[in-house]
2 protein chains.
Amino acid sequence: MSFGRHIREARERLNAEDRAFSLRQVALRVGIEPAYLSKIERDVFQPPSEDVIVKLAAELKEDEDILLAMAGKLSTELQNVILQRPKLFGELLRQLKSAPDHAILRIAREIRDGDW
Amino acid sequence: MSFGRHIREARERLNAEDRAFSLRQVALRVGIEPAYLSKIERDVFQPPSEDVIVKLAAELKEDEDILLAMAGKLSTELQNVILQRPKLFGELLRQLKSAPDHAILRIAREIRDGDW
DNA sequence: TAGAGTGTGTAGTACTTAATACACATCATG
DNA sequence: CATGATGTGTATTAAGTACTACACACTCTA
């Protein structure tokens with residue numbers, strides 16, 4: 001699904017319960033023009049900047065990483081993690097490119113449990 | 001070290017052995033204006049686009065990922081790996097953010113040896 | 001010592017990104 | 001039925017990105 005359609009659906013779900021989630025009010029809280037949000041939601045414009053996406057995610061209770069990914073963007077936070085050690089993470093990511101989800105999850109869990 | 005200085009030093013090392021690595025000739029082979037490369041090497045201009053950096057890396061026998069990182073860029077190839085599964089890789093990268101190098105290397109090796 | 005090759009200065013430009021401003025028609029509600 | 005709120009169309013723009021074009025001065029060497 002497109003970024004815009006996803007946002008619109010998320011907002012409309014919230015708006016059904018709470019009138020504070022009209023396009024105009026959300027735009028106001030996020031700090032952008034209503035007309036701009038309108039075009040984003042209809043995919044007339046490209047997805048907005050990282051900043052705006054992050055605010056939208058918070059406002060609409062959506063996952064930031066996923067929203068950014070739908071916009072074809074990677075958070076500068078995660079980019080910087082890699083850019084600190086490009087060789088190391090480059091290798092790792094290429095290894096993991098075609099690994100099954102469960103393998104990646106397992107690794108994340110192992111590391112969280114700190115067994116190295 | 002800055003991107004520009006690094007490029008200049010790499011090129012000058014090669015140029016000492018082989019006159020085919022003058023600024024002009026490298027620029028020609030990479031497909032950019034010599035004046036442009038001159039400014040890049042002196043950090044008068046920002047680092048060039050991903051495309052140009054990749055060609056420079058090949059030309060100067062430098063590591064692409066590292067050169068891109070020095071330019072503050074992450075290859076679209078690696079970005080896409082993450083964007084395919086943003087939630088999964090997001091979690092993993094945040095776990096690995098402060099992991100020691102050897103731990104990351106170990107994981108990469110384990111995966112290469114396919115033990116899942 | 002002429003000519004080829006070298007690096008660099010000044011100036012300008014095409015394209016993309018990320019939006020704003022304002023008017024307009026429709027809807028709903030008190 | 002007037003008023004406030006809603007979503008949208010048209011037009012425009014400020015700033016950044018990624019360069020090119022061309023002229024110039026210097027150096028090396030055949």
Side-chain angles (χ1 to χ4, degrees), chain A residues 2-57 59-60 67-76 79 83, chain B residues 2-57 59-60 67-76 79 83:
Chain A
S2 75
F3 179 84
R5 175 167 289 281
H6 181 84
I7 293 290
R8 168 142 301 185
E9 288 182 5
R11 187 181 58 73
E12 283 184 341
R13 263 194 304 280
L14 293 167
N15 197 34
E17 309 280 277
D18 182 346
R19 295 293 158 70
F21 289 89
S22 75
L23 184 150
R24 284 179 111 93
Q25 293 197 44
V26 168
L28 187 79
R29 289 198 297 277
V30 166
I32 58 176
E33 285 288 309
Y36 185 42
L37 181 54
S38 168
K39 272 153 240 169
I40 288 167
E41 288 193 351
R42 287 172 295 132
D43 299 299
V44 170
F45 278 7
Q46 319 167 345
S49 65
E50 182 176 343
D51 264 24
V52 170
I53 293 175
V54 166
K55 285 181 197 158
L56 269 174
E59 190 60 47
L60 304 178
L67 233 47
L68 283 165
M70 297 187 80
K73 293 178 203 283
L74 180 62
S75 72
T76 50
Q79 278 195 52
L83 296 184
Chain B
S2 74
F3 179 84
R5 175 169 289 281
H6 182 84
I7 292 291
R8 167 143 300 185
E9 288 182 5
R11 188 181 57 73
E12 283 184 342
R13 263 195 303 280
L14 294 167
N15 198 34
E17 309 279 276
D18 182 347
R19 295 293 158 69
F21 288 89
S22 75
L23 184 150
R24 283 179 112 92
Q25 294 196 45
V26 168
L28 186 78
R29 289 197 298 276
V30 165
I32 58 176
E33 285 289 308
Y36 185 42
L37 181 54
S38 169
K39 272 153 240 169
I40 288 167
E41 288 193 353
R42 287 172 295 131
D43 299 301
V44 171
F45 278 7
Q46 319 167 343
S49 64
E50 181 176 343
D51 263 24
V52 170
I53 292 174
V54 166
K55 285 181 198 157
L56 268 175
E59 191 60 47
L60 303 178
L67 233 46
L68 283 165
M70 297 188 79
K73 294 178 202 283
L74 181 62
S75 72
T76 49
Q79 278 195 52
L83 296 185

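Reminder, nothing fancy here: chain letters follow the sequence lines and each chain counts from 1.
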*Under the criterion side-chain contact (heavy atoms from CB on, under 4.5 Å), which of R11(B), H6(B), K55(B) is the partner of L60(B)?*
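It is R11(B), the one option of R11(B), H6(B), K55(B) that forms the side-chain contact (heavy atoms from CB on, under 4.5 Å) with L60(B).
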Rounding to a whole Å, what distance do you find between [X]:[atom1] and [N]:[atom2]?
| X | N | atom1 | atom2 | result |
| --- | --- | --- | --- | --- |
| Q25(A) | dA5(D) | CD | P | 9 Å |
| I7(B) | dG7(C) | CD1 | C1' | 17 Å |
| F21(B) | dT6(C) | CZ | C1' | 17 Å |
| D43(B) | dT8(C) | CG | P | 12 Å |
| F3(B) | dT17(D) | CZ | C1' | 15 Å |
| L23(A) | dG4(D) | CG | C1' | 17 Å |
| I40(B) | dT8(C) | CD1 | C1' | 14 Å |

*Without hydrogens or angle criteria, can the side chains of E50(B) and S75(B) be said to hold a donor-acceptor pair below 3.5 Å?*
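On atom types as modelled, these side chains do not qualify, holding no pair under 3.5 Å.
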*What distance separates S38(A) OG from E33(A) CD, expressed to the nearest 0.5 Å?*
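Reported value, rounded in 0.5 Å steps: 11.5 Å.
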*Do side-chain atoms of E41(B) reach the backbone of R5(B) as a donor and acceptor pair under 3.5 angstrom?*
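No, the answer is negative, given that no donor and acceptor are paired below the 3.5 Å cut-off.
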*asked:* I'd like to know if the side chain of Q79(A) and the backbone of L74(A) have a donor-acceptor N/O pair within less than 3.5 Å.
replied: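 Here the side-chain-to-backbone pair exists.
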*Can you give one letter per nucleotide of nucleotides 18-30 of chain D, going 5' to 3': B for a protein heavy atom under 4.0 Å from the base, S for sugar-phosphate only, - for none?*
SBBBB--------
*I would like to know whether L67(A) and I7(A) meet side chain to side chain contact (heavy atoms under 4.5 Å, CB included); could you show each step before the answer?*
CA-CA 9 Å; L67(A) 233 47; I7(A) 293 290; 3.9 Å; yes
_F21(A) versus N15(A), closest heavy-atom pair with distance_ =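 Closest approach of F21(A) to N15(A): C-OD1, 3.2 Å.
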*Give me the bend of the helix from dT1(C)-dA30(D) to dG30(C)-dC1(D), using the axes of the five pairs at each end, rounded to 10°.*
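The value is 0°.
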*asked:* Between L37(B) and V30(B), does the side chain to side chain contact (heavy atoms under 4.5 Å, CB included) criterion hold? Intermediate values first, please.
replied: CA-CA 10 Å; L37(B) 181 54; V30(B) 165; over 6 Å; no
*asked:* Salt bridge check, E59(A) against R29(A): does any charged N sit closer than 4.0 Å to a carboxylate O?
replied: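 Yes, this pair counts.
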*For dT6(D), does OP1 or OP2 lie under 4.0 Å from any side-chain N or O of S22(A)?*
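Answer yes for this pair, as a side-chain N or O of S22(A) is under 4.0 Å from OP1 or OP2.
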